[in-house]
Each structure stands twice: as C-alpha cells, then as structure tokens.
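Everything below concerns the one structure shown next.
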Amino acid sequence: MCFSLELPDHLLRHLVDGDDLRSHGYRGRFAPSPSGSLHIGNIRTALISWLQARLMQGDWLLRVDDLDTYRNRNGAIEGLIKDLQWLGFDWDGPIIFQSARKGLYSSFLSFLRRKGKLYACRCNRKILRKSFNPVNQKRIYSGKCRNLDLSWGFKDRKLPGWRLRVNENFSEITGDILVRRSDGIIAYHMASVIDELTLGITEVIRGKDLLEIMPTHLAVADSLHSSNLIYKHVPIMLDKNGQKLSKRDGSIGLSKFKEDGMSSSQLIGWLASTLGLVPYKSELSLQELLVDLKKKQNVLKSVFSC
Ligand code: GLU
C-alpha cells in the first residue's frame, strides 16, 4: 500500500486494517445483491468461492450489496440467507450490509472530492448512450463534463452525478467512472472496491459476466493508491436458450429444486459435478465435498481456467 495520498487518519486506518487482515491469510467473499432470489448460477459461484476459501483455510465473508434501494426486493435478504444456510454454507463474522457502511463510502468520496479527483457530471442517459469508444467497441464516458467545473448543487432541481477522474492508464479502457449517482446512491463500483480493500479481501471470485468491470474496479482501487486486489472469474451458468441467468428476471432458484424433492446434498453433488469436481449423480454435503477435495491437489485450478 502506498500512503502518499494524504488520507485523513480515520480513513487510512481502514485501509491499514484491511492490509493487516490480508497479511494473516486468505479472505474471500460472496456478495449478492438482494434484487431477487439467488439463482442456481449465483449458488454455484458461491460454492466455488466458499470451497476456495476453505481449501486455503481462510475466511469467507457474506456481504449483501443492498445500496441500490430501487432494485432491492422485499424478502430477498432473508431468502438468500435461508438458501445459503439450507445448503450448508457458513461464513465468518456477521453478515456485512453495504447499507450500514454508507458513512464510510461517503467519507472516502468526500476525500476524493476534496483532492480534486472527482467532478460533477450532468450528462443524461441520452448523452451517455452516445458515448462510444471505437478502440474497444465499448460504451465509455467521453469526458464531456471533465473540465467544465460544474456546480455540485441543484440545478433545474437535479443534482449531478459524481465522476472519478481516472488516470491515463485507465482512460481508454474504463473512461471516468460514475461513483455516486445523481439520485445520491453510491455506485456499486465504489462501494465494492472500498469493501474489498477495508475488509481485507485477498481474492474476489465472481462470475465471468463481471470480467468486463474488473478494469473499472482496478481503476477505483488505483485512485486510492491500492493495487493489491486479485480477481478471478468463473464460468456462469446459462439457461436452455444460452442466456445468462438473472435474479431480477426470476431465473431458476432453490425453490424449484426443493419442489422437485431434491435434497441439499443432491444439489451440492449436482453443482459440483457440473464443475467436474465429482462424478455425476454424487450426493454429498458441502462439508463432505470439502473433505473429498482436500485429498486432491489444486483441484479448483480447472474451474478458474475455464
Ligand atoms: N452484488 C453484485 C451482484 O450480485 C456483484 C457481486 C460481486 O462483485 O461479486 O451481481
């Protein structure tokens, strides 16, 4: 960690605590958003991440990404906890709710703003849709408001979004990143990176569908002079039509399997078999699977290289 950023002591302490936790061993996490019931693909990602943490004799944290109140669904938090417990997942420490950490995120944002690393952006969706980078064929913010020094207050009854000036290594890849939306909601990219850093996460394991946001997360970490985040991506499960599963669209979750009379051991066995970890039709609890995999060397390697 490089501390030349002149962070105030209370924020620096959070980053130092994170580094300290990281130096004591492996710490992974699973971070669902409560936008619906966990689908079977989310559960398989949780399984891989839990196995990796336990095989490394490390900690595994459960974090609920519940900042986007418009997308949160009633009962989703209770539902995901119940589902994970039914499957036999255990996590270390209390469940972390991002909604309870807003003060911390806001303090980091205020600091970045004071340092001139953020600017007010008043681009609406229509303008943003037009931002397109021909180099990587992605929608990347054009930087329209970067040098306009727009006010941070209300204008036409609207507040601006807060955008992070990324350094030139990232500008072509990510563009300047929205870290606080104009409705005041702290963006997932910002909250998530602050969490990985301050909670001492050593390795983030998540679905391949999130691979494209990795540079964005690295750029946010870079703005805090942190470069010690490791991301690994695992294959995602697709539906019959080859489409990505989605919580919000109500993709198949545990209830369907339970209705069909499947036990948690059958489900764990089936999910592990889809990863080539056990033979098809195996039935075993999460703990039994862990014991089984401990006998084998480097068993998750093939999963990460898929
Ligand atoms: N909370 C987000 C989701 O459920 C992101 C997860 C992550 O960063 O692992 O898709």
Side-chain angles (χ1 to χ4, degrees), residues 1-8 11 14-15 31 33 65 67-68 70-71 98 101-102 104-156 158-198 204 206 209-229 231 233:
M1 167 94 45
C2 165
F3 296 132
S4 60
L5 198 57
E6 295 164 31
L7 273 162
L11 293 183
H14 283 282
L15 293 179
S33 307
D65 289 356
L67 286 182
D68 192 344
Y70 298 105
R71 298 177 88 185
Q98 287 196 323
R101 291 166 60 78
K102 277 190 213 162
L104 180 67
Y105 312 137
S106 299
S107 301
F108 273 103
L109 281 174
S110 302
F111 165 76
L112 290 171
R113 190 175 140 180
R114 277 199 307 280
K115 285 272 143 194
K117 291 205 176 207
L118 306 184
Y119 60 90
C121 172
R122 293 188 181 268
C123 290
N124 58 26
R125 277 191 197 167
K126 212 165 139 200
I127 301 177
L128 292 175
R129 263 197 297 271
K130 284 192 197 139
S131 288
F132 188 73
N133 184 323
V135 179
N136 58 10
Q137 308 273 301
K138 289 222 176 86
R139 197 169 287 150
I140 285 187
Y141 182 60
S142 62
K144 188 169 184 287
C145 297
R146 195 174 224 252
N147 300 315
L148 298 183
D149 203 14
L150 299 176
S151 94
W152 295 93
F154 279 98
K155 192 174 164 250
D156 301 331
K158 282 202 184 101
L159 284 170
W162 296 17
R163 227 172 247 283
L164 174 69
R165 292 174 203 278
V166 299
N167 79 31
E168 61 211 18
N169 299 339
F170 289 101
S171 58
E172 288 281 312
I173 313 167
T174 65
D176 289 344
I177 298 162
L178 192 70
V179 286
R180 198 184 108 135
R181 297 177 355 195
S182 56
D183 59 8
I185 289 186
I186 295 163
Y188 153 70
H189 303 309
M190 188 74 207
S192 163
V193 169
I194 291 175
D195 282 340
E196 319 307 4
L197 294 174
T198 58
V204 172
R206 55 190 180 195
D209 53 331
L210 296 179
L211 179 61
E212 64 176 12
I213 59 162
M214 183 177 71
T216 304
H217 287 201
L218 292 175
V220 173
D222 179 72
S223 73
L224 294 169
H225 293 199
S226 297
S227 56
N228 41 14
L229 287 179
Y231 292 94
H233 297 87

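Quantities reported herein were computed from a predicted structural model and do not represent experimental measurements.
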If I take atom [atom1] from residue [X] and atom [atom2] from residue [Y], how far apart are they, to the nearest 0.5 angstrom?
X    : Y    : atom1 : atom2 : value
R101 : I186 : CZ    : CD1   : 11.5 Å
Y105 : T198 : OH    : OG1   : 7.0 Å
I213 : S192 : CD1   : OG    : 7.0 Å
W152 : R180 : CH2   : CZ    : 9.0 Å
S226 : L15  : OG    : CG    : 5.5 Å
Y231 : L210 : OH    : CG    : 10.5 Å

What's the verdict on side chain to side chain contact (heavy atoms under 4.5 Å, CB included) for Y188 and S33, showing C-alpha distance, side-chain angles and the deciding distance? CA-CA 10 Å; Y188 153 70; S33 307; 6.0 Å; no
Looking at K102, I want to see if its NZ is surrounded by more than 12 non-hydrogen atoms of other residues, nucleotides or ligands under 6.0 Å.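 12 or below, so no.
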Please tell me if the side chains of D68 and R181 come closer than 4.5 Å, counting only heavy atoms from C-beta onward.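 SC-SC contact between D68 and R181 confirmed.
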Close side-chain approach of E196 and H217, heavy atoms under 4.5 Å: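 No, too far: nothing below the 4.5 Å cut-off.
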Could you walk me through whether L112 and S223 pass side chain to side chain contact (heavy atoms under 4.5 Å, CB included), step by step? CA-CA 8 Å; L112 290 171; S223 73; 4.2 Å; yes
For a quick test of reading the model, state the closest non-hydrogen atom pair linking [X] to [Y] and the distance between them.
X    : Y    : answer
C145 : A120 : CB-O, 3.6 Å
A219 : V166 : CB-CG1, 4.0 Å
Y141 : L128 : CD1-CD2, 3.5 Å
I127 : K144 : CG2-CD, 3.8 Å
G116 : R165 : O-NE, 3.0 Å
I140 : I173 : CD1-O, 3.0 Å

Pairing of D156 and K158 as salt bridge, 4.0 angstrom limit: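 Looking at K158 together with D156, the answer is no, because their closest N to O distance does not fall below 4.0 Å.
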With side chain to side chain contact (heavy atoms under 4.5 Å, CB included) as the test, would you mind laying out the steps for I177 and M190 before giving the verdict? CA-CA 9 Å; I177 298 162; M190 188 74 207; over 6 Å; no
Distance-only side-chain donor-acceptor flag, N147 / Y119, under 3.5 Å: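 The answer is no; no qualifying pair exists.
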Can you tell me which residue among V179, L118, L178 is in a side chain to side chain contact (heavy atoms under 4.5 Å, CB included) with R163?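 When V179, L118, L178 are each tested with R163, the side chain to side chain contact (heavy atoms under 4.5 Å, CB included) holds only for L178.
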List the steps and the verdict of side chain to side chain contact (heavy atoms under 4.5 Å, CB included) for L197 and N228. CA-CA 8 Å; L197 294 174; N228 41 14; 3.9 Å; yes
